[in-house]
Amino acid sequence: MKIATYNVNGINARLPVLLQWLEQAKPAVVCLQELKAPQEKFPLEAIREAGYEAIWHGQKSWNGVAILTPHIPAEETRRGLAGDPDDSQSRYIEARVNGILIRCLYLPNGNPAPGPKFDYKLRWFERLKTHAAQLIKQNIPAVLAGDFNVIPTELDVYKPERWLEDALFRPETRQAYQQLLAQGWTDSLRKFHPQQPIYTFWDYFRNAYGRNAGLRIDHLLVSPALAGRLSEAAVDHQVRGWEKSSDHAPTWIRLADG
DNA sequence: ATGGCCATGAAGCATGGA
């Protein structure tokens, strides 16, 4: 069972690339972030023609998340991250697929830091940790998949010294991520590739992809109940080189049958 | 050290992204 996450940076602008990748990769679950489309502008018909169904939470201009599954829509269990009823940003959707809880998330960027946007990021992170801890406690098979906007370590950025003050790499951000992992979550990419630089994002400037000047910020964390089933984890980095691509690449894991 | 690019919304350019 292949579970993927992909920050599309505009689902309508990205539709040809997304459909091409779906056809090649054939994932069983896809978490999408940054739809950048209101609820009614989600391109459901095109996605259906590609053999997928979707649940999604749109928003005008920014944010927006979705979960795609072949043939049958995922069984939605929640939309909107718990812990703040005043948070109106579409950054979280959750569903149960084949007995696995899929949490699709788009953590706030947080720049400029320090400042109110960084405060929002850290608060959002706290809510996520609280919510995630409940799954660990109950030993629920779950995957946290999405754009975390976290560079976990120096291995995950082409030039760490340039990112020290950035909201993606600041100590508070890295610490929050480590605290999340300490609950028992497995960072899937690092389980299989503990030492090599791996990136999931390359900005549009200065030929960043051509120079491999990237960041690893899209993550798939699996709960202890699933860790033993992890069989593969990778980034479809070639997609970043396609015409009209997102600045992120699809990232995925494979789970053995449970 | 800086700016470079891309998408959206709206009809210029401002804003957000990371």
Side-chain angles (χ1 to χ4, degrees), chain A residues 5-19 21 31-43 46 56-66 87-92 104-122 124-125 128 145-174 176-177 189 197-219 235 237 239-251:
Chain A
T5 184
Y6 186 20
N7 179 321
V8 289
N9 186 15
I11 184 136
N12 288 300
R14 210 61 58 220
L15 200 50
V17 167
L18 174 63
L19 297 180
W21 170 71
C31 296
L32 299 179
Q33 301 86 34
E34 273 207 274
L35 304 180
K36 287 185 164 181
Q39 191 69 8
E40 65 275 14
K41 293 277 182 63
F42 185 88
W56 70 97
H57 192 194
Q59 183 180 333
K60 187 180 176 184
S61 305
W62 318 120
N63 308 317
V65 286
D87 185 356
S88 58
Q89 300 190 26
S90 298
R91 296 181 173 276
Y92 184 90
C104 171
L105 62 101
Y106 175 43
L107 216 139
N109 174 303
N111 278 307
K117 291 190 173 185
F118 192 55
D119 296 340
Y120 173 62
K121 175 178 197 160
L122 295 180
W124 209 95
F125 223 140
L128 180 66
D147 178 356
F148 283 66
N149 272 314
V150 177
I151 301 167
T153 73
E154 295 190 346
L155 205 54
D156 301 310
V157 49
Y158 65 105
K159 276 194 191 297
E161 65 276 15
R162 289 194 184 175
W163 289 83
L164 291 170
E165 298 301 318
D166 193 278
L168 280 64
F169 196 53
R170 286 178 69 94
E172 302 93 320
T173 305
R174 281 187 273 170
Y177 188 78
L189 269 286
I198 301 170
Y199 304 135
T200 65
F201 166 92
W202 298 260
D203 78 28
Y204 289 121
F205 308 149
R206 292 161 288 174
N207 188 33
Y209 181 62
R211 296 184 296 118
N212 197 27
L215 313 173
R216 188 174 75 96
I217 55 177
D218 301 275
H219 307 301
V235 180
H237 57 85
V239 177
R240 178 62 182 84
W242 293 359
E243 194 80 17
K244 292 278 286 177
S245 86
S246 169
D247 37 9
H248 297 249
T251 305

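Residue numbers start from 1 in every chain, and the chains themselves are labelled A, B, ... in the order their sequence lines are given, proteins ahead of strands.
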In this structure, NZ of A/Lys41 is separated from CD of A/Gln59 (nearest 0.5 Å) by 14.0 Å
Starting from P on B/dA7, measure out to CD on A/Gln33 and report it in whole angstrom. 17 Å
Which part of the nucleic acid, if any, lies within contact of A/Arg162, taking any heavy atom under 4.0 Å across all strands shown: a base, the sugar-phosphate backbone alone, or nothing? nothing
Just to be sure I follow the notation: if a pair is Watson-Crick (purine N1 to pyrimidine N3 plus N6-O4 or O6-N4) or a G-U wobble (N1-O2 and O6-N3), each under 3.5 Å, what dot-bracket string does DNA chain B give, with | for pairs to another strand? ....(((((...))))).
With sequence neighbours excluded, residues passing side-chain hydrogen bond (donor to acceptor under 3.5 Å, both in side chains) with A/Asp166: A/Asn111
What residues, two or more places apart in sequence or in another chain, satisfy side-chain contact (heavy atoms from CB on, under 4.5 Å) together with A/Tyr204? A/Asn9, A/Arg14, A/Arg240, A/Asp247
Quickly, which of A/Thr5, A/Asn149, A/Asn7, A/Asp147 forms a side-chain hydrogen bond (donor to acceptor under 3.5 Å, both in side chains) with A/Gln33? Name it, please. A/Thr5
With side-chain contact (heavy atoms from CB on, under 4.5 Å) as the test, would you mind laying out the steps for A/Asn212 and A/Tyr158 before giving the verdict? CA-CA 8 Å; A/Asn212 197 27; A/Tyr158 65 105; over 6 Å; no
Test side-chain contact (heavy atoms from CB on, under 4.5 Å) applied to A/Ser61 - qualifying residues, sequence neighbours left out: none
Using the C1' atoms only, state how far B/dA7 lies from B/dT2, rounded to an integer number of Å. 23 Å
Between B/dA18 and B/dG3, how far apart are the two C1' atoms, rounded to whole Å? 15 Å
Within the 4.0 Å limit for protein heavy atoms, which parts of nucleotides 8-18 of chain B are touched? Write it as a string from 5' to 3', B for base, S for sugar-phosphate only, - for none. SSS----BBSB
Mind checking side-chain hydrogen bond (donor to acceptor under 3.5 Å, both in side chains) for A/Glu154 and listing every partner two or more places apart, or none if nothing turns up? none
Pairwise C1' distance for B/dA10 and B/dG4, with rounding to whole Å: 24 Å
A/Arg206 or A/Lys244, whichever maps to the more 5' nucleotide of DNA chain B: A/Arg206
Option among A/Thr153, A/Asp156, A/Thr200 that satisfies the side-chain hydrogen bond (donor to acceptor under 3.5 Å, both in side chains) test with A/Arg216: A/Asp156
